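Structure record follows, encoded as structure tokens.
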Amino acid sequence: MNDLGENLQEYLEYLQVEIKEKMDNRNIMEESYAYPETTFTRIALDLLQEHDLTGEAVLVQYHSRIGSGFVKVDGYFLDEDDTCLDLFITNYISAAEVQSIGVTQIKKLLQECIRFLEGCAHSGLEKKIPDINNARELADTIHDKYQQLEQLRIFVLTDAVYTDRKASYDPLLFDNKIVNFEIIDLRRLSRMDHEGNAAEPVNADCADLCGSPLPFISVSGSECSYECLLTSIPGNMLLQMYAKHGVRLLEANVRSFLGATVKVNGGIRDTLIKEPDMFLAYNNGLVMLADGIETEKREDGLEGIKKLENVQIVNGGQTTASIFFTERKRHDIALERIQIAAKIIILKDVQGDARQNIIANISKYANSQNSIKASDLSSNNKYHIALENVSKTVYTPDGKGLWFYERASGAYKTMLARFAGTAQQKRLKTIIPTYRKLTKTDVAKFINAWNELPHIVSLGAQKNYAAYIDELTAKEQAGTYTEPDADQWKRIVALAILYKSLFSISKKKFKAFQGIITTYTISSFAYNYRDSVDLMEIWKQQKLPFGLTEMLTKWAEKIEQALYSSAQGRMLSEWAKKEACWDAVRNFSVSMTRSLLEQKNDEFTGDSISESRTVENQA
């Protein structure tokens, strides 16, 4: 279908090569790349996560006939507060040329996913689903968490091009829950992968949303590189924008900190309910970025804002979400009496890195007076920069490869994209294959699991990362911080090998909650045998020694039993977040015989790695 564009054909071919490479080169740490469809799904999920459109999603791969219809789901993500659920369904064609997908096929896929959701929530489907490929885990999660879910999103992932782009997929009200739909087709994948454009622009027709153009005043000087407009936004307009676009409305830095949803602020809620007319006076308002505006005469003869182009909120995400969620729970809120102050910034003639730096700074300084820390909003703090610099200098023991620390989201793909289609790109992929890429949240997970904080890791990637950064900040304030060096990076890589290898084993051995079992196994093992494990030996071998692998496999079996036993019927994903769970599993692990370790001791023991029981070397 040449009319769909040569660029998309090139990207399709690139995507198919990437899928083949991942499947051909997968190792024990990359079970996601066993089949073409799952490999495509994993690539798409990773792109969505890189662009903060979802979190760390779990592959599911479940397709079955239920009654007179089919159900299908290929992945899911549940946010850390158990209030926002993303479901993913894949349509992988694997054609040599670009294919199209129309509205009829999309609706069929969405219906299969909705049927799965409805069945698990109300019809006992979770009892019929086999305990394989994380499907039963997802079904039980939906059944147990359904009442507290506030937002649901269904993503269709496809390697075809969606041709009916004018067809509307407005949010659906399902069981009094908002369900949003996203079509991630070949065009959007290409934009995310090569252009850094994760989503369709969020445009707002102010005249349509609130009945007339917004009044405004311009307060920027003629020599400024930006235009600044001051206005007030009606509560109903902001509510409708968030209902349609969700967290896409929030600027990426803020979105990645806040996660997939935002908690309702008590003060904002009380003002909305009790004093809606005072909202403008009490609330700090919004800071918004836009690419441009379209103006139109108002009835009073003055110019007003008719449309906002590619608008994002950089300060006021909690205000926005609080209005949305409060109104959903209390339909008697007088939205027509609520006004929100807004500062709209339009950047002029600023492109590329300079533009991104300005946006990052606006985001950072706009949020500097609330509970969001500047260090949480930016990857540009000294620890991450130092770790990135160290990672570039430490080659694997054979002298042929590197492990890549991705300080900024998408940096790995950006590096490869600079050499697209060249021999240099192929060489880079050989030196730094995908499985050797470690993100900030990866490193936080590996270190906190080893440092005996499995209940913190189980809170989810963002909360665990925040706890990790808080620990680094506390060390800096106490004067005990030291910059990471080559040895620390090697230990971090060893922990990555340890975690990824055990997780791969867990996926084959256990039917559900493999991540929790892996985390608790590593924490309990570190608690009992930390000084017997030589991380530098793991670094040297770039794999787990056989004896350690065998021991950890047996240890994981015992830890799984301890987790389920201590949960006493509670949902394991919830129980694992409690410190009481860690107390129970740790005490159980102490009572386990050490003879298993001693039998294999000479196969994997080495010098003690740390007197202080941490891998961070006081970082």
Side-chain angles (χ1 to χ4, degrees), residues 51-53 168-171 180 182 188 191-192 195-220 224-258 262 283-296 298 303-324 335 338-351 355-367 377:
H51 289 275
D52 302 307
L53 293 182
S168 175
Y169 287 98
D170 292 330
N180 285 286
E182 292 276 1
R188 287 189 66 180
R191 289 175 180 173
M192 283 190 284
E195 301 172 22
N197 185 1
E200 299 297 322
V202 175
N203 299 320
D205 190 324
C206 306
D208 182 58
L209 290 170
C210 56
S212 64
L214 293 176
F216 74 95
I217 60 172
S218 177
V219 294
S220 51
C224 290
S225 61
Y226 63 90
E227 184 177 3
C228 182
L229 313 178
L230 300 182
T231 186
S232 67
I233 294 177
N236 192 54
M237 174 180 166
L238 193 60
L239 175 79
Q240 290 182 71
M241 290 174 66
Y242 191 83
K244 182 173 184 179
H245 302 292
V247 293
R248 280 177 53 202
L249 188 58
L250 308 183
E251 195 273 327
N253 277 322
V254 179
R255 183 168 63 237
S256 64
F257 174 77
L258 294 174
V262 188
N283 187 262
N284 289 335
L286 311 176
V287 179
M288 310 172 82
L289 284 171
D291 281 354
I293 63 168
E294 181 180 331
T295 62
E296 186 178 82
R298 290 167 44 85
E303 289 288 320
I305 301 172
K306 182 179 185 294
K307 290 184 179 180
L308 289 168
E309 299 172 4
N310 195 20
V311 62
Q312 286 188 312
I313 294 172
V314 297
N315 179 251
Q318 191 175 61
T319 294
T320 305
S322 293
I323 291 173
F324 174 78
L335 284 171
I338 294 168
Q339 293 285 329
I340 305 101
K343 177 171 65 175
I344 302 171
I345 298 170
I346 303 168
L347 297 179
K348 301 184 295 185
D349 302 322
V350 183
Q351 303 297 329
R355 180 182 178 85
Q356 292 305 313
N357 288 336
I358 291 174
I359 291 174
N361 284 332
I362 292 172
S363 173
K364 180 170 69 174
Y365 297 130
N367 285 286
L377 289 168

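What you see is a predicted model; the values in this text were computed from it and never measured. Values below: all heavy atoms of this structure, side chains included; hydrogens, waters and symmetry mates excluded. Note that the numbering runs from 1 along the sequence shown for the chain.
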For this session: State the CE-CG distance between M288 and N315, to the nearest 0.5 angstrom.
Result: 11.5 Å

Problem set entry | Within-4.5 Å side-chain heavy-atom neighbours: I338 and L238 | no

Exercise. How far does CG of L239 sit from CG of L335, to the nearest 0.5 angstrom?
Worked result: 5.5 Å

Seminar exercise, completed: Residue set satisfying side-chain hydrogen bond (donor to acceptor under 3.5 Å, both in side chains) with E303, at least two apart, ordered chain then number -> T295

For this session: Identify the two heavy atoms, one from I323 and one from G235, that lie closest to each other, and give their separation to 0.1 Å.
Result: CG2-O, 4.4 Å

Problem set entry | Heavy-atom closest pair, residues Q240 and L209 | NE2-O, 3.3 Å

Exercise. At their closest point, which heavy atom of G285 faces which heavy atom of I340, and how far apart are they?
Worked result: CA-CG2, 4.0 Å

Problem set entry | Euclidean distance, F216 CZ relative to I344 CD1, rounded to 0.5 Å | 9.0 Å

Exercise. So, for I305 and C206, which heavy atoms are closest and what is the spacing to 0.1 Å?
Worked result: O-CB, 3.4 Å

Problem set entry | Straight-line distance of I233 CD1 to L286 CG, nearest 0.5 Å | 5.5 Å

Exercise. Any donor-acceptor pair under 3.5 Å linking the side chain of N203 with the backbone of N310?
Worked result: yes

Seminar exercise, completed: side-chain hydrogen bond (donor to acceptor under 3.5 Å, both in side chains) filter on Q339, not counting sequence neighbours, yields S232

Exercise. Under the side chain to side chain contact (heavy atoms under 4.5 Å, CB included) test, which residues partner D205, sequence neighbours left out?
Worked result: A207, D208, K306, K307

Seminar exercise, completed: Sorted by chain and number, sequence neighbours left out, ring pair (Phe, Tyr, Trp, His ring centres under 6.0 Å) with F324 holds for Y242

For this session: State, yes or no, whether a side-chain contact exists between M241 and V311 at a heavy-atom distance under 4.5 Å.
Result: yes

For this session: With sequence neighbours excluded, tell me which residues meet side-chain hydrogen bond (donor to acceptor under 3.5 Å, both in side chains) with N283.
Result: T319

Exercise. So, for C210 and M237, which heavy atoms are closest and what is the spacing to 0.1 Å?
Worked result: SG-SD, 4.1 Å

Exercise. Which atom names give the shortest non-hydrogen contact between C228 and Y226, and what distance separates them?
Worked result: CB-CE1, 3.9 Å

Problem set entry | From I217, I346, L214, I345, residue fulfilling side-chain contact (heavy atoms from CB on, under 4.5 Å) relative to L229 | I346

